[in-house]
2 protein chains.
Amino acid sequence: MKNYDDLVAIFTGIDNPEEMEIFFREIFTPKELKDLTLRWQLLKELHEGRPQRKIAEKYHISLCKITRGSKILKNEPSITRAILDKYYGKKSRR
Amino acid sequence: MKNYDDLVAIFTGIDNPEEMEIFFREIFTPKELKDLTLRWQLLKELHEGRPQRKIAEKYHISLCKITRGSKILKNEPSITRAILDKYYGKKSRR
DNA sequence: TTAATTGTTTCTTTAAAGAGAAACAAGGAG
DNA sequence: CTCCTTGTTTCTCTTTAAAGAAACAATTAA
(Lines give C-alpha, C1' and ligand atoms only; values in the text may rest on other atoms or scores of the structure.)
Protein backbone atom coordinates (compact mmCIF):
# COMPACT_ATOMS: atom_id res chain seq x y z
CA MET A 1 0.00 0.00 0.00
CA LYS A 2 1.31 3.35 -1.05
CA ASN A 3 0.62 5.32 2.13
CA TYR A 4 2.20 2.63 4.25
CA ASP A 5 5.30 2.46 2.07
CA ASP A 6 5.55 6.24 2.13
CA LEU A 7 5.40 6.26 5.90
CA VAL A 8 8.08 3.62 6.16
CA ALA A 9 10.24 5.64 3.78
CA ILE A 10 9.64 8.84 5.72
CA PHE A 11 10.57 7.30 9.04
CA THR A 12 13.63 5.76 7.44
CA GLY A 13 14.62 9.10 5.94
CA ILE A 14 14.67 11.05 9.20
CA ASP A 15 18.19 10.89 10.58
CA ASN A 16 17.95 13.57 13.22
CA PRO A 17 16.59 12.64 16.69
CA GLU A 18 15.14 16.09 17.43
CA GLU A 19 13.22 16.03 14.16
CA MET A 20 12.07 12.48 14.79
CA GLU A 21 10.86 13.43 18.25
CA ILE A 22 8.72 16.30 16.95
CA PHE A 23 7.36 14.04 14.21
CA PHE A 24 6.48 11.43 16.84
CA ARG A 25 4.44 13.92 18.82
CA GLU A 26 2.70 15.14 15.68
CA ILE A 27 1.89 11.83 14.04
CA PHE A 28 1.08 9.65 17.07
CA THR A 29 -1.69 10.25 19.59
CA PRO A 30 -0.67 10.68 23.24
CA LYS A 31 -2.21 7.29 23.95
CA GLU A 32 -0.23 5.61 21.20
CA LEU A 33 2.99 7.10 22.53
CA LYS A 34 2.12 5.92 26.02
CA ASP A 35 1.29 2.42 24.74
CA LEU A 36 4.41 2.31 22.63
CA THR A 37 6.80 3.25 25.43
CA LEU A 38 5.18 0.77 27.80
CA ARG A 39 5.44 -1.90 25.12
CA TRP A 40 9.13 -1.13 24.74
CA GLN A 41 9.61 -1.41 28.49
CA LEU A 42 7.90 -4.82 28.45
CA LEU A 43 10.05 -6.00 25.57
CA LYS A 44 13.16 -4.88 27.43
CA GLU A 45 12.18 -6.77 30.56
CA LEU A 46 11.18 -9.86 28.62
CA HIS A 47 14.51 -9.63 26.85
CA GLU A 48 16.22 -9.55 30.24
CA GLY A 49 14.42 -12.77 31.14
CA ARG A 50 11.98 -11.43 33.72
CA PRO A 51 8.92 -13.69 34.20
CA GLN A 52 5.70 -12.48 32.57
CA ARG A 53 3.76 -12.57 35.84
CA LYS A 54 6.29 -10.30 37.53
CA ILE A 55 5.99 -7.81 34.69
CA ALA A 56 2.20 -8.03 34.72
CA GLU A 57 1.87 -7.14 38.38
CA LYS A 58 4.58 -4.49 38.21
CA TYR A 59 2.69 -2.56 35.51
CA HIS A 60 -0.82 -3.75 36.35
CA ILE A 61 -1.50 -5.14 32.92
CA SER A 62 -2.99 -8.44 31.82
CA LEU A 63 -0.90 -11.42 30.84
CA CYS A 64 -2.35 -11.70 27.36
CA LYS A 65 -0.82 -8.33 26.54
CA ILE A 66 2.60 -9.62 27.47
CA THR A 67 2.30 -12.87 25.57
CA ARG A 68 1.95 -10.78 22.44
CA GLY A 69 5.29 -9.16 23.20
CA SER A 70 6.99 -12.45 23.81
CA LYS A 71 5.93 -13.66 20.38
CA ILE A 72 7.73 -10.75 18.78
CA LEU A 73 10.99 -11.86 20.34
CA LYS A 74 10.44 -15.41 19.12
CA ASN A 75 10.01 -14.35 15.52
CA GLU A 76 12.74 -15.57 13.27
CA PRO A 77 14.26 -13.26 12.35
CA SER A 78 13.19 -10.69 14.95
CA ILE A 79 14.44 -7.19 14.23
CA THR A 80 13.30 -6.16 17.67
CA ARG A 81 15.41 -8.79 19.37
CA ALA A 82 18.39 -7.77 17.28
CA ILE A 83 17.86 -4.15 18.36
CA LEU A 84 17.50 -5.10 22.02
CA ASP A 85 20.68 -7.16 21.77
CA LYS A 86 22.49 -4.25 20.22
CA TYR A 87 21.25 -1.51 22.55
CA TYR A 88 21.01 -3.32 25.87
CA GLY A 89 23.31 -6.32 25.47
CA LYS A 90 22.85 -9.79 24.05
CA LYS A 91 20.86 -12.18 26.21
CA SER A 92 20.67 -15.96 26.07
CA ARG A 93 17.56 -17.38 24.43
CA ARG A 94 15.06 -19.40 26.40
CA MET B 1 11.77 9.54 29.64
CA LYS B 2 14.41 6.98 28.88
CA ASN B 3 12.29 4.44 27.00
CA TYR B 4 10.80 7.14 24.85
CA ASP B 5 14.19 8.64 24.02
CA ASP B 6 15.52 5.19 23.25
CA LEU B 7 12.66 4.54 20.87
CA VAL B 8 13.21 7.84 19.11
CA ALA B 9 16.90 7.01 18.80
CA ILE B 10 16.16 3.54 17.47
CA PHE B 11 13.75 4.77 14.84
CA THR B 12 16.25 7.44 13.86
CA GLY B 13 19.03 4.88 13.60
CA ILE B 14 17.30 2.57 11.12
CA ASP B 15 18.32 3.66 7.64
CA ASN B 16 17.08 0.68 5.68
CA PRO B 17 13.42 0.59 4.53
CA GLU B 18 13.15 -3.21 4.62
CA GLU B 19 14.39 -3.30 8.19
CA MET B 20 12.09 -0.43 9.15
CA GLU B 21 9.15 -2.24 7.64
CA ILE B 22 9.77 -5.41 9.63
CA PHE B 23 10.24 -3.34 12.77
CA PHE B 24 6.95 -1.58 12.08
CA ARG B 25 5.09 -4.87 11.92
CA GLU B 26 6.76 -6.10 15.08
CA ILE B 27 6.41 -3.04 17.25
CA PHE B 28 2.99 -1.74 16.17
CA THR B 29 -0.30 -3.58 16.43
CA PRO B 30 -2.23 -4.20 13.19
CA LYS B 31 -4.79 -1.65 14.35
CA GLU B 32 -2.15 0.99 14.99
CA LEU B 33 -0.71 0.46 11.51
CA LYS B 34 -4.18 0.76 10.03
CA ASP B 35 -4.88 3.93 12.02
CA LEU B 36 -1.51 5.38 11.14
CA THR B 37 -1.84 4.89 7.39
CA LEU B 38 -5.36 6.31 7.38
CA ARG B 39 -4.11 9.28 9.39
CA TRP B 40 -1.39 9.83 6.82
CA GLN B 41 -3.93 9.71 4.03
CA LEU B 42 -6.04 12.33 5.83
CA LEU B 43 -3.03 14.56 6.33
CA LYS B 44 -2.20 14.28 2.66
CA GLU B 45 -5.69 15.27 1.60
CA LEU B 46 -5.87 18.11 4.10
CA HIS B 47 -2.53 19.25 2.79
CA GLU B 48 -3.98 19.26 -0.71
CA GLY B 49 -6.76 21.54 0.54
CA ARG B 50 -9.67 19.12 0.42
CA PRO B 51 -12.56 20.13 2.72
CA GLN B 52 -12.87 18.17 5.96
CA ARG B 53 -16.46 17.13 5.24
CA LYS B 54 -15.46 15.63 1.89
CA ILE B 55 -12.74 13.61 3.59
CA ALA B 56 -15.07 12.55 6.40
CA GLU B 57 -17.67 11.10 4.07
CA LYS B 58 -15.09 9.55 1.78
CA TYR B 59 -13.59 7.51 4.62
CA HIS B 60 -16.67 7.33 6.84
CA ILE B 61 -14.99 8.89 9.83
CA SER B 62 -16.09 11.61 12.20
CA LEU B 63 -15.13 15.23 11.78
CA CYS B 64 -13.50 15.51 15.20
CA LYS B 65 -10.88 13.01 14.05
CA ILE B 66 -9.98 15.23 11.13
CA THR B 67 -9.83 18.42 13.11
CA ARG B 68 -7.05 16.82 15.11
CA GLY B 69 -5.13 16.31 11.89
CA SER B 70 -5.64 19.84 10.76
CA LYS B 71 -4.13 21.12 13.99
CA ILE B 72 -0.94 19.23 13.25
CA LEU B 73 -0.52 21.11 10.01
CA LYS B 74 -1.11 24.41 11.77
CA ASN B 75 1.65 23.82 14.28
CA GLU B 76 4.55 26.17 13.95
CA PRO B 77 6.86 24.65 13.04
CA SER B 78 5.15 21.52 11.74
CA ILE B 79 7.55 18.77 10.75
CA THR B 80 4.66 16.92 9.17
CA ARG B 81 3.80 19.84 6.90
CA ALA B 82 7.44 20.15 5.92
CA ILE B 83 7.50 16.45 5.04
CA LEU B 84 4.28 16.69 3.04
CA ASP B 85 5.68 19.69 1.19
CA LYS B 86 8.84 17.79 0.43
CA TYR B 87 7.27 14.50 -0.62
CA TYR B 88 4.09 15.62 -2.34
CA GLY B 89 4.76 19.22 -3.30
CA LYS B 90 4.42 22.51 -1.48
CA LYS B 91 0.87 23.82 -1.08
CA SER B 92 -0.35 27.30 -0.25
CA ARG B 93 -1.41 27.85 3.34
CA ARG B 94 -5.00 28.61 4.19
C1' DT C 1 -24.85 42.48 5.72
C1' DT C 2 -26.71 38.17 4.74
C1' DA C 3 -26.46 33.45 3.21
C1' DA C 4 -23.71 29.58 2.30
C1' DT C 5 -19.71 26.91 3.09
C1' DT C 6 -16.28 25.10 5.98
C1' DG C 7 -13.95 24.33 10.47
C1' DT C 8 -14.32 23.25 15.42
C1' DT C 9 -16.33 21.48 19.57
C1' DT C 10 -19.61 18.92 22.41
C1' DC C 11 -22.90 15.25 23.47
C1' DT C 12 -24.83 10.67 23.23
C1' DT C 13 -24.65 6.07 21.60
C1' DT C 14 -22.14 2.23 19.75
C1' DA C 15 -18.06 -0.60 19.11
C1' DA C 16 -13.63 -2.10 20.48
C1' DA C 17 -9.76 -2.71 23.62
C1' DG C 18 -7.99 -4.10 27.95
C1' DA C 19 -8.15 -5.94 32.76
C1' DG C 20 -9.04 -9.68 35.71
C1' DA C 21 -9.74 -14.30 36.52
C1' DA C 22 -9.20 -18.80 35.46
C1' DA C 23 -8.08 -22.90 32.81
C1' DC C 24 -4.74 -25.42 30.41
C1' DA C 25 0.03 -26.48 28.62
C1' DA C 26 4.89 -26.91 29.02
C1' DG C 27 9.13 -27.27 31.18
C1' DG C 28 12.32 -27.88 35.22
C1' DA C 29 13.58 -29.31 40.02
C1' DG C 30 13.15 -32.25 43.57
C1' DC D 1 6.78 -39.33 38.51
C1' DT D 2 4.91 -35.33 41.08
C1' DC D 3 4.97 -30.64 42.29
C1' DC D 4 5.90 -26.06 41.21
C1' DT D 5 6.91 -22.25 38.26
C1' DT D 6 6.10 -20.02 34.06
C1' DG D 7 3.89 -19.30 29.52
C1' DT D 8 -0.32 -19.27 26.73
C1' DT D 9 -5.13 -18.94 25.72
C1' DT D 10 -10.00 -18.10 26.61
C1' DC D 11 -13.86 -15.97 28.91
C1' DT D 12 -16.53 -12.28 31.03
C1' DC D 13 -16.89 -7.61 32.44
C1' DT D 14 -15.36 -2.93 32.66
C1' DT D 15 -13.34 0.86 30.59
C1' DT D 16 -12.12 3.55 26.77
C1' DA D 17 -12.24 5.21 22.08
C1' DA D 18 -14.70 6.31 17.95
C1' DA D 19 -18.86 7.28 15.15
C1' DG D 20 -22.85 10.00 14.39
C1' DA D 21 -25.37 13.95 15.04
C1' DA D 22 -25.80 18.48 16.07
C1' DA D 23 -24.57 23.06 17.69
C1' DC D 24 -21.65 26.84 17.27
C1' DA D 25 -17.79 29.65 15.16
C1' DA D 26 -15.30 31.44 11.41
C1' DT D 27 -14.70 32.54 6.73
C1' DT D 28 -15.95 33.65 2.10
C1' DA D 29 -18.83 35.26 -1.68
C1' DA D 30 -22.63 37.56 -3.40
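- Under the side chain to side chain donor-acceptor pair (under 3.5 Å) criterion, K58(B) pairs with E45(B), not counting sequence neighbours.
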Worksheet, complete the sentence: Counting primed atoms, P, OP1 and OP2 as sugar-phosphate and everything else as base, the B/S/- map of nucleotides 12-25 of chain D against protein heavy atoms under 4.0 Å is -----S-BB--B--
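- Considering all non-hydrogen atoms of both residues, S78(A) and L73(A) come closest at OG-CA, 4.0 Å.
- For T29(A), the side-chain contact (heavy atoms from CB on, under 4.5 Å) criterion is met by K31(A), E32(A), R39(B), R68(B), not counting sequence neighbours.
- Here the side chains of T37(A) and L33(A) are not in contact, with every heavy-atom distance at 4.5 Å or above.
- Whole-Å rounding puts the L42(A) CG to dG18(C) P distance at 12 Å.
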Could you pull out every donor-acceptor pair under 3.5 Å between side chains of residues 4-17 of chain A and any protein atom, sequence neighbours left out?
residue	atom	partner	partner atom	Å
Y4(A)	OH	E21(B)	OE2	2.7
D6(A)	OD1	K2(A)	NZ	3.3
D6(A)	OD2	K2(A)	NZ	3.0
D6(A)	OD2	Y88(B)	OH	2.4
T12(A)	OG1	V8(A)	O	2.6
N16(A)	OD1	E18(A)	N	2.9
N16(A)	OD1	E19(A)	N	2.9

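- Residue R50(B) contributes atom CZ, which lies 16 Å from atom C1' of dT5(C) at whole-angstrom precision.
- Among residues two or more places apart in sequence or in another chain, the side chain to side chain donor-acceptor pair (under 3.5 Å) test is passed with T80(A) by E26(B).
- At the heavy-atom level, K54(B) lies nowhere under 4.0 Å from the strands shown.
- When rounded to the nearest whole Å, the span between CD of E45(A) and C1' of dG7(D) equals 17 Å.
- Each end of the helix from dT1(C)-dA30(D) to dG30(C)-dC1(D) gets its own axis from five base pairs, and the two axes differ in direction by 30°, given to 10 degrees.
- Atom CD in E57(A) sits about 13 Å away from atom C1' in dT5(D), given to the nearest Å.
- K44(B) meets the side chain to side chain donor-acceptor pair (under 3.5 Å) test with N3(A); sequence neighbours excluded.
- Look at CD1 on I55(A): it is 14 Å from P on dA19(C), rounded to the nearest Å.
- For the side-chain contact (heavy atoms from CB on, under 4.5 Å) test, residues two or more places apart in sequence or in another chain that qualify with R53(A) are L63(A).
- In this model, the phosphate group of dT9(C) is not approached by any side-chain N or O of T67(B) to a distance below 4.0 Å at OP1 or OP2.
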